[in-house]
Amino acid sequence: MSITREKPVVSKILQKEMLELLSNGVRIDKRKLDEYRKISYQTGIIEKADGSALLSLGETMVLVGVKVELGQPFGDTPDQGVLVVNAELLPLASQTFEPGPPDERAIALARYVDRSIRESNMVDLKSLVIVPGKVCYVVYVDVYVLDYGGNLIDASVLAAAKALENTKIRKYEVDENGKLTETENVENLKLNDFPISVTFGIINNKYFVDPNLEEEQTCDTFLTFTYTQTGNICAVMKNEQGLISPAQVIEMMELGWKKAKEISSLMLGGQKGNDQENIGNAGS
Amino acid sequence: MSITREKPVVSKILQKEMLELLSNGVRIDKRKLDEYRKISYQTGIIEKADGSALLSLGETMVLVGVKVELGQPFGDTPDQGVLVVNAELLPLASQTFEPGPPDERAIALARYVDRSIRESNMVDLKSLVIVPGKVCYVVYVDVYVLDYGGNLIDASVLAAAKALENTKIRKYEVDENGKLTETENVENLKLNDFPISVTFGIINNKYFVDPNLEEEQTCDTFLTFTYTQTGNICAVMKNEQGLISPAQVIEMMELGWKKAKEISSLMLGGQKGNDQENIGNAGS
Amino acid sequence: MSITREKPVVSKILQKEMLELLSNGVRIDKRKLDEYRKISYQTGIIEKADGSALLSLGETMVLVGVKVELGQPFGDTPDQGVLVVNAELLPLASQTFEPGPPDERAIALARYVDRSIRESNMVDLKSLVIVPGKVCYVVYVDVYVLDYGGNLIDASVLAAAKALENTKIRKYEVDENGKLTETENVENLKLNDFPISVTFGIINNKYFVDPNLEEEQTCDTFLTFTYTQTGNICAVMKNEQGLISPAQVIEMMELGWKKAKEISSLMLGGQKGNDQENIGNAGS
Amino acid sequence: MSTKRQLINEQGIRTDGRGVDDLRPIKITLGYLTHANGSVLYEQGKNKILAAVFGPSEVHPKHTELPDRAILRVRYRMAPFSTEERKSPAPTRREIELSMVIRNALESVVLTELFPRTVIDIFVEVLQADAGTRVAGVTAAALALADAGIPMRGITAGCAVGKADGKIVCDLNDIEDKEGEADMPVAYIPTLNKISLLQMDGLMTQEEFKQALSKAINSAMKVYQLQVNALKTKYIKREEVKK
Amino acid sequence: MSTKRQLINEQGIRTDGRGVDDLRPIKITLGYLTHANGSVLYEQGKNKILAAVFGPSEVHPKHTELPDRAILRVRYRMAPFSTEERKSPAPTRREIELSMVIRNALESVVLTELFPRTVIDIFVEVLQADAGTRVAGVTAAALALADAGIPMRGITAGCAVGKADGKIVCDLNDIEDKEGEADMPVAYIPTLNKISLLQMDGLMTQEEFKQALSKAINSAMKVYQLQVNALKTKYIKREEVKK
Amino acid sequence: MSTKRQLINEQGIRTDGRGVDDLRPIKITLGYLTHANGSVLYEQGKNKILAAVFGPSEVHPKHTELPDRAILRVRYRMAPFSTEERKSPAPTRREIELSMVIRNALESVVLTELFPRTVIDIFVEVLQADAGTRVAGVTAAALALADAGIPMRGITAGCAVGKADGKIVCDLNDIEDKEGEADMPVAYIPTLNKISLLQMDGLMTQEEFKQALSKAINSAMKVYQLQVNALKTKYIKREEVKK
């Protein structure tokens, strides 16, 4: 059962102020309507993971760890490896997150991150087969939300993509009898793309990118687009209960691609040979 | 833990009227004590299932879908296929059914349907072995209660039997190395019998067949017999909390067989070469 | 989540009396500070188990059943059998035990019994391998708490050890192809030691052995040592929320060993060739 | 159920030496536990059933209480070591069904209307299983309720009958249960001449069913005598202690 | 998603004979169930979706009620026999997500503020699945809500569009869903010109996305006409009965 | 535990270059999170433990509150990527036990009586595990509680000692934990000279146990100094900001 949740109380005064500012094209934290908060990330900080990235987007902080294990391909895709995405809304990230197994919000988040990676064809699943139909790599992507300051989706998609980029896999040799031997070689995961997601908050028919926590609690609804590096759309999700006009959907799709290009240059900028902290600002 | 449930409230006036009518051998819906409500059924309506039947008994409606998959025989019966019965009391069937995993009522229903099919030897389990001890057919019978108007047991047993009668299985060829090849051939399940269950409601030492919803909420207790086509008894269950005298048990057993024969001729009447709607009335 | 539980209410008068007596070195049930309640046990009473022991310690009663099945060694210990300890705080043992899956208290109890057996090296896990890496014995130790009168840990460790001593395993022959054949031979489990646990209750910096139910409800905290037969310590656990001074920890460790030797002679006394009732008293 | 070996020989003797109408040895130990309000260890053949009762007690959560009577909470469980193959500790569908079946058998005999807004907890733990555990469980629960002083309309006595080698036999043992042709657990209150639990699975003719029901009632009467004796003995002991 | 066989032929005809903009046959049976307050059997191609509504009712547990409006509880489930391979009865992550997605689509159209401190239960049972079940579920739920007499801002009509063999096609069938390049479920309220559900996965250019959205809205309009006709027919029948 | 390789060489140097009494490098980052009332990232060797505190807050459900003090809720979890082999996200029995063990260690030092009818939530998330996580968790939780301004009787400092190659060593690393002969986690409150957590598994003589306890307390004192320094630094910074 999915059950209506009580919305967190945002003071009426704040809400009114927010709406007045918005009608003048400004936001309560002084950002412009199309301005992201500061994005920064570190990769490789969890040595025991095969790949990891800690990403902060304003006050939101997400840690993604990737583990690669051996497993069996699915029956209907014997020539592909397996990708598993899981998300945990840790209760220490927000008093509104309950301890316990992932609830519908965590599941929807994990499934959206999964779609963004899978449909963009980011991870080359065919390269993850070792013995077709028998043995393959299983790539576990665990999204750990550490601090919840709004816009979890963008932070999670970007952190997951960055963690996958950071992932190394151990190579195996297969002899003629199909027996596996672990080698000393490690390689990067073979990647085809780098998906970028852009989320809009919508209040009273006004939309803006990257809602922060207070905006998120006030918004009528949300719309997220994930773009490939060439500007294709690989995933879309409307979230929460409000309504959107078709015309605005198209406007957001176009503005989203503009923002995605900015974020992309930030995310891919310092990649080569550098696993250290990388701070940038996609805003303005 | 099995916990006493609050009985649904039936108005005192209705209850009094029901008892007065009963003492004159009549029921609130004008039926005689030994009269069933109208039974009708359709088979084969779920094309993606290997067998299916939608059966209504008065206001009660049950959909049974059968899926046949390959699996492994149990260790102690290497020469038999596997039969699995599951029942769901869908919350849309009644506001008294809670969403969630099957509760004790659903489990007891599934287990009674299982016993009726298994102990009547309806499904020839030995015919479901493909490679003894290794591969067999697993027959999943899923009982879906869509509308709850009393007497779920009879409706479920009959619908399950009808769905099994409607079930086709794909044949496999086994070569000398034990390798399986799917063929184009489909066959009917091999059946040995057709169990008929008859349920009695008992109030104030009066009994009658096929209680409807209001009667069910008023009854002290219930007694169900399942009969094979030759009049043997293959399953019995007293349900709910009241008491029954031994003499009445025997009376009901004998009356039950009379009703079972009537229901049987209705259920088996239009069988041959006809998977279409089949409406009949076992009452009077 | 581990959540603070409300302590059962012990009357203030009783509590006051208990403390006054303790300051004079006496206890509410007249025992001395270092005196155990009566311990008695019976072994082999569950014929369908491969080993069993029913042990009572004052009003506490614990039944342990051991089942030995075939299974697979863990990947990292291909040359060892498997030991699994489970504990159930049956709701009939105390109104404070809830029905349902084992809670944190039951899990902590099971894990402590496990550690006592495993770290003492009581069960020779290497002797439980049949085909290295492939087939081994899996020894299931199920601790069933029947009556809760305080000091479950000592009763459970002793009952588990006694049940393991009572355990017989069926021998298998392995042919050159690695095929197993069950033989008629049964043997005792190969044991290397017999762990004895000693639990202290601590109130107001006073400590005493083997707290009974009322003492347990009043204690600040508890400390348990498990000793091997040669006086080594193989497991320690502080339980519940109070504090202990380091000096007292060492005093208890030393006193504990004195008590362990007494209990040990009682537990091992009547062992040889005798599976019948065996009553003794480690106290005084 | 398919017959694999001879369960009754030419002299009418069963695999464990009993005649067709004989019950297995029964042993009743009332007040087996210290902390429960009522308890019993009930042994019938190799069955070892521990039953205990708590209450009437306050109901938590509050909204499950009933204004006009006590609710019953019944749990039937088999110990992991109670059966030939180890049973997983997680409750099976069978255990969930039998908890309900036992509760249904007890609801009408306990005078719940005397204790409105309370709960009576009944726990049936099968420590060793040897066929007929659900009716042994009802028998034991009735004894534990009596031991706890809970007023009842009558003492419930349970016994299973069944069919083995084509004959109706009383109080099936484990082999007869597994290899026989039918199993029929019955719980009966002799003082009321009423049945509170009745199930059957297997194959019987209608004539056999009649005979089986009659034999079940006779067997329950024998169990009832032992229940009454055990309760009397304990009551007399208590009275003697009082003097 | 990878194209494995031809989904649209040279004449622009799809595997099931439809043109790219055609919907599958739709059948609406209002009031299918007796006991629910509103219900419908909604069939679209081989999809068979049963939706039912109960309420507004009292909320249990009490603390989940809201002082200013009704809460919605939505459950979307697929029957074990609804798919090619049997689906385990335990809820999947997909079913949990879709229950939420459907609830979100309905929250803004139901006039929940008219029924403070109550709950409206909406059950969507997929008896047979044939692609597009979530939007068929929203369409069905909207009909069941109307059948139950729950006031709404407008009737929601759902339809999926997608991309197959490089073309945008309406109302994907099962093969197109599995082997096509993109799937885009949309729910739309024609009287408000608003979208209440929008998802997409697969690969589309921005131009294709625009085209797809426009085709989705056109398809939803067709569904809407059938919804309105079904509701009118039932309403007229009721009126006639009254005379 | 069986010794497989040399853990301490002839010069008394451990596999990671430490002497037997040396702790691993410790790094304390107070206020790591924005939304928790108190938080810390605690690193010890490769351990990365994130601890955070919320409260005192209202209790839901109401009936679990206590009239005379705050209740504590503690959750200890290991991230799936924190260990060599991926850990399933479902809580293990070990995590359930350790949540309780950590709660027990904190109950007596938090001044819960100051906040009746409230709850204090303490979350310990192991982002990377490298032996000794339960005591690192207590150390981190104490820092997060202090960071949240929750009054305590004293600051708790935890450290594990153990036995490797027959010697008592401080602050076991992962290899020593797995291949050593004993592991003994201890939490200690220096200002009270009291132990709040004590466990041991492995084999030690009584003499070794005494030595181990003494070394554990010395190690905890070192941890305590670092805790105090970190808290002072943050306090001074705050004061400076105020000026």
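We use all heavy atoms of the structure for the numbers below, so side chains are in, but hydrogens, waters and symmetry mates are not. Owing to the predicted nature of the structure, the values given are computational and were not obtained by experimental measurement. Note on naming: letters A, B, ... go to the chains in the order of the sequence lines (proteins, then strands), and numbering restarts at 1 for each one.
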**Student:** Measure Arg75(E) against the heavy atoms of chain B and call it side chain, backbone, both or neither at under 4.5 Å.
**Tutor:** side chain
**Student:** Would you say NZ of Lys171(B) has more than 12 non-hydrogen atoms from neighbouring residues, nucleotides or ligands within 6.0 angstrom?
**Tutor:** yes
**Student:** Identify which one of Asp147(B), Leu63(B), Leu146(B) satisfies the side chain to side chain contact (heavy atoms under 4.5 Å, CB included) criterion when paired with Leu50(E).
**Tutor:** Leu146(B)
**Student:** Nearest 0.5 Å, what's the CG-OG distance between Leu33(E) and Ser94(B)?
**Tutor:** 11.5 Å
**Student:** Can you tell which part of Pro101(B) gets under 4.5 Å to a heavy atom of chain E, answering side chain, backbone, both or neither?
**Tutor:** neither
**Student:** Picking from Ala52(E), Ala79(E), Ala36(E), Ala90(E), which has the most non-hydrogen pairs under 4.5 angstrom with chain B?
**Tutor:** Ala79(E)
**Student:** Tell me whether Glu125(E) contacts the main-chain N or O of Leu90(B) through its side chain, where contact means a donor paired with an acceptor under 3.5 Å.
**Tutor:** no
**Student:** CZ/Phe54(E) to CZ/Phe97(B) distance, rounded to the nearest 0.5 angstrom?
**Tutor:** 9.5 Å
**Student:** Please name the pair of heavy atoms, one in Asp142(B) and one in Pro89(E), separated by the smallest distance, quoted to 0.1 Å.
**Tutor:** OD1-CG, 4.5 Å
**Student:** Kindly compute the distance separating OG (Ser82(E)) from OH (Tyr144(B)), expressed to the nearest 0.5 Å.
**Tutor:** 7.0 Å
**Student:** Who among Leu92(B), Asp50(B), Val64(B) has the most heavy-atom pairs with chain E under 4.5 Å?
**Tutor:** Leu92(B)
**Student:** About how many Å separate CZ of Phe81(E) and CG of Asn86(B), when rounded to the nearest 0.5 Å?
**Tutor:** 10.0 Å
**Student:** Heavy-atom count check: over 12 atoms from other residues, nucleotides or ligands less than 6.0 Å from Lys134(B) NZ?
**Tutor:** no
**Student:** Would you say CD of Glu58(E) has more than 12 non-hydrogen atoms from neighbouring residues, nucleotides or ligands within 6.0 angstrom?
**Tutor:** no
**Student:** Where does Ala129(E) contact chain B at under 4.5 Å (heavy atoms): side chain, backbone, both or neither?
**Tutor:** backbone
**Student:** Could you tell me which of Gly149(B), Ser52(B), Gly65(B), Pro91(B) has the largest number of non-hydrogen atom pairs under 4.5 Å with chain E?
**Tutor:** Pro91(B)
**Student:** More than 12 heavy atoms of other residues, nucleotides or ligands under 6.0 Å from NZ of Lys46(E): yes or no?
**Tutor:** no
**Student:** Can you name the nearest heavy-atom pair linking Ala93(B) to His35(E), along with the distance?
**Tutor:** O-CB, 3.8 Å
**Student:** Can you say whether Glu69(B) sits under 4.5 Å from chain E via the side chain, the backbone, both, or neither, judging by heavy atoms?
**Tutor:** side chain
**Student:** When you check the gap from the basic side-chain N to the acidic O, do Asp174(E) and Lys48(B) get nearer than 4.0 Å?
**Tutor:** yes
**Student:** Give me the atom names and distance for the closest heavy-atom approach of Lys48(E) to Ile45(B).
**Tutor:** CE-O, 3.0 Å
**Student:** Do you know the tightest heavy-atom contact between Glu85(E) and Lys67(B)?
**Tutor:** C-CE, 4.1 Å
